[in-house]
Amino acid sequence: MSAPAAAHAPAAAPAPAETAAIPMRRWILDIAATALLLGVAAAGFWPSFAGPGYLGAAIGGSVLGIGIAVVAAWRRWGILIIAGLTVLAYFVFGGALALPHTAIIGVIPSLETLQQLAIGVVTSWKQMLTTVAPVSGADGHLIVPFLLLLVAAVVTASLALRLTQPAWALIPAGALLAAVIALGTPEPAVPIVQGALFAVVSIAWLAVRQIWMPQNAAVSVSEVDPARANQMRIRRLISGAVVLAVAVGAGAATSAFTAPTEVRHVLRDTIIPPFDVRDYPSALQSFRGHVRDDAENTLFTVRGLPEGARIRLAAMDEFDGQVINVTDGGPGSSSAFTPIRSNMSPDAEGLPVSLQIDIDKYSGVWVPQAGLVSELRFAGDDDDALRRSTYYSTGSGTAVATQGLRKGDSYTVQTTVPAEHSDEQLADAEFGSVRLPKHENVPEDLSTLAGEIISEAETPVEQVQALATYLSEEGFFSHGLEGEVISRAGHTSERITTLISGDQMIGDDEQYAVAMALLAGELGIPARVVMGFYPEEKDAGAAAFSANGENLHAWVEVNFDGFGWVPFDPTPPEDQVPNDQNTKPRADPKPQVLQPPPPPQEPVDLPPTLPDDRESEDESLNIAGIIAAILAIGGISLGIIALLASPFIIIGAWKASRRRARRTADRTADRIAGGWDELTDRAVDYGARITPGATRGEEAVLVADSLAVPTVTTLADRADADVFGPNDPSPEDVETFWKEVDDIVVGLGSEAGFWKRMKARLSLRSVLGGSALSSGFQSLRDAATARVRREPGTIKNSTNEAPESETP
């Protein structure tokens, strides 16, 4: 080899090594850029969840999606395999990341988990958009960030790793950012930071990829030395970084002056809610009817009501001259209705209680509850329908079930009962700044009367007390029923005018509460009328409270800054009735002035019939584009479900099916017998040895000796008495028996360790007990035992049969 050739040979040798190193660093760059872009987009979910509660689902979906893309790019798999892996990851990890409350031990997907994940592909978007933010992950809303990030990560990373032009990968990343904004709230998280980071990462990524392309090298290494080429590359990178920094700084500085004055519009704002509270008549219109017809009828029963608490049906704050009604003034008003969800009153302060309410003769759309409700959980056959049709206003403390409550319905209310406030505590408090609807067609002389009543009051609470005291002391009580002084029902402007302008004020809660609310409204005091129930003083704090027409009331709530809504009772005592001895003219009467006739009022539209097509309107949300984007990466197939049907799910489903069949048997006696079988099955899973064909008493002895549970013997005697007794056990007996069975099973699990509990849950001993397979194993084991114990010679059986000769 010549000298010049030898001189050039060493310079060309490192080229293959440099070229081989490019793909690895390019992969690292592409993965890092993809992760940053996905993180920038995912930050937009922060206001929707009011915190970082969604980050586990979002980060988990991103990591899974990038991992699938990396493995698929490395193995050169096609789109069908990628789609299958994406669907598989969605179902396998969706329980742990999006629905942990439905998964087994929070990780292993259960049948409920798989069902909600399959349905959530279509319905989770609608549920999130129709729920007012902040949403709760416990209601299944984590499916949205998990699924979005999973799909976006797979598509973005796959395009970045497989294509020479990474700009194509910015399309799914930008689509993800747009989707997060559309599904979010009008109040963005950090829009300037999001936009700046997205732009910087995108430009820097494309620039570095452009530099690393061999055909676009800044300087050919064959023309200059490598050190000079590296210096030029670094200079270009620094120049680009400076340009980006200046652009970002200028954009952030000018954003304060160029920011739009209007809030941004998102999909949540364009969806028409399937609920309008104005479709339902005022709850107060039924006041006199309940008093007259349900004086001795139990409307519903409440268990767990603390002393001093009140059951409320509705809080009404809009008067139109005919009725006072509930309003939905939107976010920020005194009453904004949203579908029920978990943690509806996160900032409530007071006494947390759990109420059990059972509906008897009550029927209507107004849901009885108390305090500031955090969660409503319905039970019974129509629990799901009631849950979907119930809306709650945290501002007014009013719940509406559009389906309507009827006898037999039952539900649990997790709520917080606010503390009671004395006049001394409210002495320095100002009225709260809440937005209330403006009353219309108010009697003209209320304004003058209100001014006279509070003329000597100095503080806000003294003004409210003056209004309540005037009505309760100067008025008389009467429902207008048979044997009582005439008192017309209703609370129209004419009825309130009659109440306050006559020689005597005669009425009941309906008229006095509305009169006080209207008087307060004339003075600018934030007040509303509440209709509900509360027990008499002698019955306060009882274990159960039966609501009826006798303890139905209406009162007034006034908002004080720092204290919330405080109740006041303007109604006179029920024993303060007019008669010949106490009939007297009103205090400080005013000369009667002939008033002009009231202006003609437009007829009030009667409440329309409940629409039957709400559900169809609710289902009219156009999500075809979202579905198409999701289904583009693959469909849900039976093959994938079969792969997910792992042994522990099958065993759990098998045991759950047997328990359900036993629990819901046609005859109550069979349910008792099924409860005992459920107890023995669980005991067998925990290691108890029960002789096949034994009686319940014998089984109880074996279980008590094996697991040290002495109470099972008493339970066995009860089971025999209920099953073989002359009469079938009642449903209450069945409930009690199954509760004791569950308590014993829970006790077995609490005494065992974690691994023993897992072993018992996955044990096949109870499942195969009595089956042909189990009998076969038992026969083989008995034969083996007999062979070991067999004496040489002949073996005689226990009967009078001929002896068997032993085969040599």
### Task
List in chain and number order the residues that pass side chain to side chain donor-acceptor pair (under 3.5 Å) with N343, two or more places apart in sequence or in another chain; answer none if no residue qualifies.
none
### Query
Counting distance only, does the side-chain N/O of W125 pair as donor-acceptor with the main-chain N or O of V121 below 3.5 Å?
yes
#### Entry: Sub-4.5 Å side-chain heavy-atom contact between L305 and P535
yes
### Query
Is the backbone N or O of P729 less than 3.5 Å from a side-chain atom of T668, with the two atoms forming a donor-acceptor pair by type?
yes
### Query
Which atom names give the shortest non-hydrogen contact between R718 and T736, and what distance separates them?
NH2-CG2, 4.1 Å
### Query
Which residues satisfy the side chain to side chain donor-acceptor pair (under 3.5 Å) test with D293, sequence neighbours excluded?
none
### Task
Mark yes or no for whether Y391, through its side chain, and T402, through its backbone, hold a donor-acceptor pair below 3.5 Å.
no
### Message
I'd like to know if E678 pairs up with R663 as an ion pair, taking the criterion as any Lys NZ or Arg NE/NH1/NH2 lying under 4.0 Å from an Asp or Glu carboxylate oxygen.
### Response
no
### Nearest non-hydrogen partners of L142 and L97, listed with the distance
CD1-O, 4.1 Å
### Donor-acceptor pair, side chain of N551 and main chain of N548, under 3.5 angstrom
yes
With a cut-off of 3.5 Å and sequence neighbours excluded, list every side-chain donor-acceptor pair involving residues 361-374.
unit_1	atom_1	unit_2	atom_2	d
Y362	OH	W366	O	2.5
Q369	NE2	R312	O	3.3
Q369	NE2	G397	O	3.0

### Query
Is R303 paired with D358 through a side-chain N to carboxylate O contact shorter than 4.0 Å?
yes
### Partner set under ring-ring contact (aromatic ring centres under 6.0 Å, His included) for F533, not counting sequence neighbours
F300
### Query
After noting the C-alpha distance and the side-chain angles of D384 and R387, does the key distance pass the salt bridge (charged side-chain N to carboxylate O under 4.0 Å, His left out) rule?
CA-CA 5 Å; D384 187 65; R387 179 182 61 83; 2.7 Å; yes
#### Entry: ring-ring contact (aromatic ring centres under 6.0 Å, His included) partners of W676, counting only residues at least two apart
none
### Message
Would the distance check show the side chain of N559 and the main-chain N or O of A527 forming a donor-acceptor pair, the cut-off being under 3.5 Å?
### Response
no
### Summary
CG (D733) and CH2 (W738) are apart, to the nearest 0.5 Å, by 15.0 Å
### Query
Would you call D360 and K407 a salt bridge, taking side-chain N to carboxylate O under 4.0 Å as the test?
yes
### Task
Would you check if the side chain of T113 reaches a backbone N or O of P109 as a donor-acceptor pair within less than 3.5 Å?
no
### Query
Sequence neighbours excluded, which residues qualify as side chain to side chain donor-acceptor pair (under 3.5 Å) partners of Q115?
none
### Task
Check side chain to side chain donor-acceptor pair (under 3.5 Å) between T398 and all other residues, then give those that pass, not counting sequence neighbours.
S396
### Task
Kindly state each residue pair satisfying salt bridge (Lys or Arg N to Asp or Glu O under 4.0 Å) with at least one member in residues 366-375, sequence neighbours excluded.
E375-R377
### Task
State which residues pass ring-ring contact (aromatic ring centres under 6.0 Å, His included) with Y534; sequence neighbours excluded, sorted by chain then number.
H553, W555
### Query
Are any of the side-chain heavy atoms of F737 and R671 separated by less than 4.5 Å?
no
### Query
Taking only residues two or more places apart in sequence or in another chain, which ones pass ring-ring contact (aromatic ring centres under 6.0 Å, His included) with H290?
none
### Message
I'd like to know if the side chain of Q414 pairs up with that of S354 as donor and acceptor (distance under 3.5 Å, no hydrogens or angles considered).
### Response
yes
### Query
Which pairs count as ring pair (Phe, Tyr, Trp, His ring centres under 6.0 Å) when at least one residue sits in residues 395-421, sequence neighbours excluded?
F378-Y411, H421-F563
### Query
Which atom pair, heavy atoms only, marks the closest approach of L386 to A401?
CD2-CB, 4.4 Å
### Task
State, without any angle test, whether T416 and E349 hold a side-chain donor-acceptor pair at a distance under 3.5 Å.
no
#### Entry: Salt bridge D742-K739, side-chain N to carboxylate O under 4.0 Å
no
### Task
Say whether T680 and D677, considering side chains only, have a donor N or O and an acceptor N or O under 3.5 Å apart.
no
### Message
Could you work out, with salt bridge (charged side-chain N to carboxylate O under 4.0 Å, His left out) as the rule, every residue matching D666, not counting sequence neighbours?
### Response
none
